Amino acid sequence: VDGLIFEYADGTRTANHFGFYLRAGVVIQLFQNASFNNLFSSTGNFQCLRIEVPGSYTFNNVHFDNTCGGSGGRTNVSTTLGAGNQYVFANATGVGAGEAYDSDNPTTVILWAENNVWNGGLNATWSENSNWSQLVVPDATQNAIIATQVNNPSNFNVNATVASLTVMSGSTLTIGSVANRDLTSNADCIINAGGAVVMGTNGTSDWSCGGNFTNAGTFTQNANAGFVRLTGSAQNLDATGTSQTWKRLTIAAGASYTLVDNLTFGLPTTAFDVAGTLHASSFTITTGALAVTGSFDAGTGTLIWQGGALPTNVSYNNLVIDSATASIGGALTVLGNLTINPGAQLTTNNNAIDTNGDLLVSSTGSLATGSSTINVAGDFTVAGTGQVTGTSTIVLDTASSDTIAISPLGSYAGALIRNSTGNTLTLAGNVQGTVAMTNQGALKLDSYDVILTGNGGDFTNSGGSVDISDNSAS
């Protein structure tokens with residue numbers, strides 16, 4: 001909603017009437033520059049704007065005239081939702097605006113905020129009144145806006161709570177210059193293009209955000225910085241910007257965030273905790289740490305793993321192993337493709353892997369399977385000098401058409417490759433290794449060879465079919 005003029009809602013009703021009603025199920029992406037005028041001509045329980053959408057939202061520059069507040073039980077904004085929800089009205093105008101005419105319980109659900117702009121008039125200290133346009137340090141009723149100034153706020157020396165936080169182009173906010181000093185924004189946190197936020201080296205100073213987190217500029221979290229804590233409900237996390245360096249991030253219990261861009265952690269990643277809900281959507285998360293005690297919705301996205309022990313209490317869509325020390329301590333489920341990058345290694349510790357897509361061991365990559373069972377619903381490829389070691393069983397078990405290729409420069413030293421009943425397996429390269437092979441489905445060699453070596457290197461056709469019509473195959 002942008003630029004709405006809402007007038008003369010209903011001239012016939014005399015009580016219990018809603019003007020503009022945002023019901024549960026509505027997705028609020030933007031609500032600004034609206035005007036509510038001449039809504040009700042008689043007295044009664046009239047509500048100009050009714051909101052029943054769970055979450056935390058900011059409504060900017062909304063005007064309420066006298067028909068939205070004052071005598072006769074009229075209210076400007078009303079809701080029946082309680083604690084954990086928050087509607088911040090920033091720079092509202094009109095005689096009907098303000099706390100006196102809203103209806104909420106507790107009274108902290110609907111907040112009325114004004115902008116308080118940093119001007120750095122005296123120095124770089126956050127707690128100095130003279131540095132702010134309102135000549136007072138912003139509180140939970142005010143939107144803190146860090147504007148372009150010579151004295152950027154680098155001495156963050158108090159615990160501060162604001163309605164929302166915006167860092168404008170050309171400005172830099174430093175958090176964590178003093179230990180145990182937290183910044184809390186009840187609504188949105190925005191770094192505009194050309195703006196920057198730096199989280200310093202005091203790991204006890206956190207930045208909490210109750211609304212959307214948007215980085216269109218530069219975000220830098222130093223190695224020993226405090227946490228970014230996202231606490232909102234049904235909010236977005238837009239992290240990329242011009243530059244992003246994440247080290248510590250928490251999705252708080254009860255919070256829910258959806259990625260709207262890629263999320264990249266710097267190495268070494270200190271902590272990435274999902275105690276609430278994170279929707280990866282279609283984006284890529286690159287991290288060396290992950291702990292999930294809430295809900296991780298992989299969507300159609302990709303996780304690039306650069307750490308050690310990978311959590312297996314969640315499912316992944318596409319999973320890329322990009323670490324030489326990656327391992328799993330339980331059964332791993334990959335809904336899409338599993339890729340082991342060059343130079344990376346995944347150690348299963350005898351735990352099973354189920355991948356509904358392809359399994360690719362890149363050249364110089366390694367999969368140490370132990371005695372586990374690896375179920376592959378797509379293609380199985382060992383490229384270049386890639387290696388698969390252990391006494392595992394690779395099961396190609398989807399009722400579809402797959403390919404298999406094991407480079408002669410690489411190796412597969414598992415116990416068994418099994419082409420299951422109903423599956424059509426076509427060679428995309430030679431299959432070569434110290435391994436037995438059982439065919440229960442349809443095996444088509446095309447122009448490639450099956451070369452089984454070592455003890456137990458037997459080929460068993462168990463009710464399947466083998467197509468060697470290309471006479472160059474063997």
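None of the values given here were measured: they were computed from a predicted structure. Count residues from 1 along the sequence.
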What I'd like to find out is whether the side chain of Val77 reaches to under 4.5 Å of the side chain of Phe89, using heavy atoms alone. yes
Can you confirm whether Phe227 sits close enough to Thr270 that some side-chain heavy atom of one is under 4.5 Å from a side-chain heavy atom of the other? no
For the residue pair Leu22 and Val53, what are the closest heavy atoms and their distance? O-CG2, 3.6 Å
Asn313 side chain to Val292 main-chain N or O, any donor-acceptor pair under 3.5 Å? yes
Given 3.5 Å as the limit, does a donor-acceptor pair link the side chain of Thr364 with the main chain of Gly343, or not? yes
So OG of Ser327 and CG of Leu346: to nearest 0.5 Å the spacing works out to 7.5 Å
Pair Gln32, Asp2: side-chain N/O donor-acceptor within cut-off below 3.5 Å: yes
Go through the steps for Asn350 and Ser371 under the test side chain to side chain donor-acceptor pair (under 3.5 Å), then give the verdict. CA-CA 5 Å; Asn350 302 322; Ser371 59; 3.3 Å; yes
Row check, Phe156 ring normal vs Arg181 NZ/CZ: under 6.0 Å, within 45°: no
Using the ring centroid of each side chain, check whether Tyr57 and Phe31 are separated by less than 6.0 Å. no
If we ignore angles and hydrogens, is there a donor and acceptor under 3.5 Å between the side chains of Ser256 and Gln235? no
Grab the two heavy atoms, one from Ala187 and one from Cys209, that are nearest each other, plus how far apart they are. O-SG, 3.5 Å
Do we see a donor-acceptor contact under 3.5 Å between the side chains of Asn143 and Ser164? yes
Indicate yes or no for a side-chain donor-acceptor contact from Asn337 to the backbone of Gly357 under 3.5 Å, with no hydrogens or angles considered. no
Using 0.5 Å steps for rounding, measure from the CD atom of Gln244 to the OG1 atom of Thr264. 4.5 Å
On a heavy-atom basis, the closest approach of Val109 and Gly82 is CG2-O, 3.6 Å
To the nearest 0.5 Å, tell me how far Gln345 CD sits from Leu367 CG. 8.5 Å
Side chains of Ile374 and Leu359: does their closest heavy-atom pair fall under 4.5 Å? yes
On a heavy-atom basis, the closest approach of Ala239 and Leu263 is CB-CD1, 3.7 Å
Looking at Ala193 and Ser169, what are the two nearest heavy atoms and their distance? O-CB, 3.1 Å
Provide the closest heavy-atom pair for Ala344 versus Ile321 in the form atom of the first, atom of the second, distance. CB-O, 3.3 Å
Derivation of the side chain to side chain contact (heavy atoms under 4.5 Å, CB included) call for Phe59 and Ile51: CA-CA 11 Å; Phe59 300 77; Ile51 308 172; 3.7 Å; yes
Give a yes or no answer on whether the side chain of Thr245 reaches the backbone of Gln221 with a donor-acceptor pair at less than 3.5 Å. no
Should Leu165 and Leu173 count as side-chain neighbours, where that means a heavy-atom distance under 4.5 Å? yes
Please examine the side chains of Pro342 and Ser362, heavy atoms only from C-beta on, and report whether any two atoms are closer than 4.5 Å. yes
Residue pair Thr385 / Gln387, side-chain donor-acceptor N/O under 3.5 Å: no
So Thr172 and Val198, do their side chains get closer than 4.5 Å, heavy atoms only? yes
I want to check something: taking the side chain as every heavy atom from C-beta on, are Leu30 and Ile28 in contact at a cut-off of under 4.5 Å? no
In this structure, CG of Asp273 is separated from CD1 of Ile251 (nearest 0.5 Å) by 9.5 Å
Just how far is it from atom CG of Asp182 to atom OG of Ser208, taken to the nearest 0.5 Å? 6.5 Å
Trace of the side chain to side chain contact (heavy atoms under 4.5 Å, CB included) decision for Thr79 with Ile110: CA-CA 8 Å; Thr79 185; Ile110 301 172; 4.1 Å; yes
Has Ser177 got a side-chain atom pairing as donor or acceptor with Ser154's backbone, closer than 3.5 angstrom? yes
Going from OG on Ser35 to CG on Leu4, what distance comes out if it is rounded to the nearest 0.5 angstrom? 8.0 Å
So, Trp246 versus Phe213, ring centres under 6.0 angstrom or not? yes
Mind checking whether Trp207 and Cys189 have side chains closer than 4.5 Å, heavy atoms only? yes
Pair Trp305, Asn341 - check side chain to side chain contact (heavy atoms under 4.5 Å, CB included), show working. CA-CA 10 Å; Trp305 182 248; Asn341 272 354; over 6 Å; no
Closer than 3.5 angstrom, by distance alone: can the side chain of Thr287 be matched with the main-chain N or O of Ala289 as a donor-acceptor pair? yes
Say whether, by atom type as modelled, one donor and one acceptor occur between the side chain of Asp238 and the main chain of Val260 under 3.5 angstrom. no
If only atom types and distance count, is the side chain of Asn317 paired as donor or acceptor with the main-chain N or O of Gly301 below 3.5 Å? yes
Going by atom types only, do Ser462 and Thr460 share a side-chain donor-acceptor pair under 3.5 Å? no
Can Asn439 and Met437 be said to form a side chain to side chain contact (heavy atoms under 4.5 Å, CB included), step by step? CA-CA 7 Å; Asn439 179 47; Met437 187 170 186; 5.8 Å; no
Under 3.5 Å: donor-acceptor pair, side chain of Asn349, backbone of Asn351: no
Would you mind telling me which of Leu259, Thr214, Thr258 makes a side-chain contact (heavy atoms from CB on, under 4.5 Å) with Leu237? Leu259
Output, in order, the C-alpha distance, side-chain angles, deciding distance and verdict of side chain to side chain donor-acceptor pair (under 3.5 Å) for Asp322 and Gln306. CA-CA 5 Å; Asp322 195 37; Gln306 297 181 325; 3.2 Å; yes
Do Thr269 side-chain atoms and Gly288 backbone N/O form a donor-acceptor pair below 3.5 Å? yes
